[in-house]
Amino acid sequence: MAEKRRFMTLGRHIEEGEREHPGATGDFSGLLSDISIAVKLIWREVNKAGLINILGSANRTNESGDEVKKLDQFANETIRKAMDHQGHLCVMASEESNGLIKIPDRYQKGKYVLVFDPLDGSSNIDANVSIGSIFGIFRRVTPSGPGAVEDCLQPGYKMVAAAYVIYGSSTIFVYCTGEGVHGFTLDPSVGEFLLSHKSMRIPKRGRTYSINEGYYSRWEDGIKEYLRYIKEDDPSTGRPYSSRYIGSLVADFHRNLLYGGIFMYPCDKLHPNGKLRLLYEVAPLAFIVEHAGGRASDGVKRILATKPESLHQRTPVFMGSEEDVMEAERFLSGVAAFEST
Ligand code: AHM
Ligand code: MG
């Protein structure tokens, strides 16, 4: 007899998660649902990106006379508008906005805080390469009223949920509320995200590294040593590793989450503090990778332990399979290089 398949939509999964918390008010579930609606609106526009020269390019007016915005601005506005009036949030912060995104006075203020990168890797859009959105949710620390910057500047370990979306060959929504990491694939014919990757776990060790190796000459010695090591030919330890770098963080991260591997964006002479943003990009993905059994480090300490001092703070990052990240840390600290002499 054919196996019975039970479809689980993202909406139902969120509701079932809420039912396991008897005191839940529904605020948190409402917040996640609003995010899922915003990303469907973004997905619809991203899918039309290749038609932009036919339908009208960014910063021109469309047929109705409205300004056609660049996709990253469109994504930023879509998330802001989807999230600002439901009463779940007290404040937001986005990679695409300079300061805080306040909840307008006329709307109720909620107990949560949303930080996000609306469209990461957007420089890849014209080449039809996968891009993504990244979200982190905190509980507010200020008691009431409009949210403040200290509500956003919290270390990643205080997140109550994180999520990312890949707009790729299919559109996938991955989220974690602290109880497993679950992936949902959008069925465009019905407009629903359906559970496709339940309780994701990253392999303890991978055979893949992702880094922009073009910057090799600008790196410090520890990272150069580590790269030399993983490229050595020693089949007994699985080396040399394969190199896979899309240059689109969410896509590189997602592949490593599925198959194992390490993603790195270290400091270099041009990016003395790394390139990626702690609050909007790195901390939410670190939250997810840790809950999938992986590790995320700035080379010295756990990403989730770092309290940002400013909204747009950057950080170096090494994240992915636990054993690979620990090995990279040993090279960065100089211990592994010392051992091999
Ligand atoms: P963005 O926020 O301006 O889109 O930049 C972030 C992107 C990431 O998606 C990717 O991992 C990284 O920048 C690639 O940087 P580089 O081109 O220096 O390798
Ligand atoms: Mg980004």
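Residues: numbered from 1 along the sequence shown. Since the model is a prediction, treat every value here as computed from it, not as a measurement. Both ligands and their constituent atoms are indexed starting at 1 by order of listing.
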A.B. asks: Can you tell me which residue and heavy atom of the protein come closest to atom 10 (C) of ligand 1, and the distance to 0.1 Å?
C.D. replies: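 Of every protein heavy atom, Gly247 O, 3.5 Å lies nearest to atom 10 (C) of ligand 1.
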
A.B. asks: May I ask you to list the atoms of ligand 1 that are less than 4.0 angstrom from any heavy atom of Tyr215?
C.D. replies: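 Every atom of ligand 1 under 4.0 Å from some heavy atom of Tyr215: 18 (O).
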
A.B. asks: Using distance alone, with no hydrogens and no angle criterion, decide if Arg80 and Ser97 have a side-chain donor and acceptor under 3.5 Å apart.
C.D. replies: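 Absent: no donor and acceptor within the cut-off.
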
A.B. asks: Taking atom OH as the centre, does Tyr245 end up with more than 12 heavy-atom neighbours from other residues, nucleotides or ligands that are less than 6.0 angstrom away?
C.D. replies: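 Above 12, so yes.
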
A.B. asks: Which ligand 1 atoms are under 4.0 Å away from a heavy-atom of Ser122?
C.D. replies: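 Going through ligand 1 atom by atom, the ones under 4.0 Å from Ser122 are 4 (O).
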
A.B. asks: Could you tell me whether ligand 1 has any atom less than 4.0 Å away from a heavy atom of Ser248?
C.D. replies: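 So Ser248 counts as touching ligand 1.
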
A.B. asks: Do Asp298 and Thr315 have side-chain N/O donor and acceptor atoms under 3.5 Å apart?
C.D. replies: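 Short answer, no.
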
A.B. asks: Compute the shortest N/O to N/O distance between Leu119 and ligand 1 and return yes if it is under 3.5 Å, no if not.
C.D. replies: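 N/O-N/O distance under 3.5 Å: no.
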
A.B. asks: Please check if any side-chain donor atom of Glu329 sits under 3.5 Å from a side-chain acceptor atom of Ser297, or the reverse.
C.D. replies: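 The answer is yes; a qualifying pair exists.
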
A.B. asks: Give yes if a backbone or side-chain nitrogen or oxygen of Gly121 is under 3.5 Å from a nitrogen or oxygen of ligand 1, and no if not.
C.D. replies: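 Yes - when backbone and side-chain N and O of Gly121 are compared with those of ligand 1, one distance drops under 3.5 Å.
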
A.B. asks: Could you tell me whether Arg12 and Glu15 have a side-chain N and a carboxylate O separated by less than 4.0 Å?
C.D. replies: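 Here Arg12 does not pair with Glu15 in a salt bridge, since their nearest N and O are not under 4.0 Å apart.
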
A.B. asks: Hey, is Lys111 close enough to Asp27 for a salt bridge, meaning N to O under 4.0 Å?
C.D. replies: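 Salt bridge flag = yes for Asp27 with Lys111.
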
A.B. asks: Using a 4.0 Å heavy-atom cut-off, say whether Asn212 meets ligand 1 through its side chain, its backbone, both or neither.
C.D. replies: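 The answer is the side chain.
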
A.B. asks: The Mg ion (ligand 2) as vertex, arms to OD2 of Asp117 and OD1 of Asp120: angle to 10°?
C.D. replies: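 An angle of 90° at the metal.
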
A.B. asks: Which class fits the ring pair His271 and Tyr215: parallel under 30°, tilted 30 to 60°, perpendicular over 60°?
C.D. replies: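 Because their plane-to-plane angle lies in the 30° to 60° range, the rings of His271 and Tyr215 count as tilted.
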
A.B. asks: Could you check whether the rings of His312 and Tyr280 sit parallel, tilted or perpendicular, using 30° and 60° as the cut-offs?
C.D. replies: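 If you compare the ring of His312 with that of Tyr280, the planes turn out tilted.
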
A.B. asks: By atom name, which N, O or S atom of Glu95 is the nearest to the Mg ion (ligand 2)?
C.D. replies: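 Sorting the N, O and S atoms of Glu95 by distance to the Mg ion (ligand 2) puts OE1 first.
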
A.B. asks: Quick test: of every protein heavy atom, which one is nearest to atom 14 (C) of ligand 1, and how far off is it to 0.1 Å?
C.D. replies: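 The closest one turns out to be Tyr245 OH, 3.2 Å.
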
A.B. asks: When Leu89 is tested against each of Asp34, Ile103, Asp84, Asp151 for side chain to side chain contact (heavy atoms under 4.5 Å, CB included), which residue passes?
C.D. replies: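 Of Asp34, Ile103, Asp84, Asp151, side chain to side chain contact (heavy atoms under 4.5 Å, CB included) with Leu89 is met by Ile103 alone.
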
A.B. asks: Of the non-hydrogen atoms in Ala283 and Ile303, which two are nearest, and what is the gap between them?
C.D. replies: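 Taking every non-hydrogen atom into account, CA-CG2, 4.1 Å.
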
A.B. asks: Can you figure out which of Asp120, Ile125, Leu249, Ile131 has its heavy atom closest to atom 6 (C) of ligand 1?
C.D. replies: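 Closest candidate by heavy-atom distance is Asp120.
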
A.B. asks: Go through ligand 1 atom by atom and flag the ones less than 4.0 Å from a non-hydrogen atom of Glu281.
C.D. replies: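 This gives 2 (O), 6 (C) as the contact atoms.
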
A.B. asks: From the options Phe116, Phe184, Phe287, Phe253, select the one residue that forms a ring-ring contact (aromatic ring centres under 6.0 Å, His included) with Tyr164.
C.D. replies: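 Of the listed residues Phe116, Phe184, Phe287, Phe253, the ring-ring contact (aromatic ring centres under 6.0 Å, His included) partner of Tyr164 is Phe253.
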
A.B. asks: Report the part of Arg277 in contact with ligand 1, treating N, CA, C, O as backbone and CB onward as side chain, heavy atoms under 4.0 Å; options are side chain, backbone, both, neither.
C.D. replies: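 Neither part.
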
A.B. asks: Please report which non-hydrogen protein atom sits nearest to atom 12 (C) of ligand 1, along with the residue it belongs to and the distance in Å to one decimal place.
C.D. replies: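 Result for atom 12 (C) of ligand 1: Lys275 NZ, 3.8 Å.
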
A.B. asks: Which protein non-hydrogen atom lies closest to atom 2 (O) of ligand 1, naming both residue and atom, and how far is it?
C.D. replies: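 Sorting protein heavy atoms by distance from atom 2 (O) of ligand 1 puts Glu95 OE2, 2.9 Å first.
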
A.B. asks: Which N, O or S atom name in Glu281 marks its closest approach to the Mg ion (ligand 2)?
C.D. replies: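 This turns out to be OE2.
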
A.B. asks: Judging by distance only, is a nitrogen or oxygen of His271 under 3.5 angstrom from one on ligand 1?
C.D. replies: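 Not met; the criterion fails.
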
A.B. asks: Please write down residue, atom name and distance for the protein heavy atom closest to atom 18 (O) of ligand 1.
C.D. replies: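 The closest one turns out to be Tyr265 OH, 2.6 Å.
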
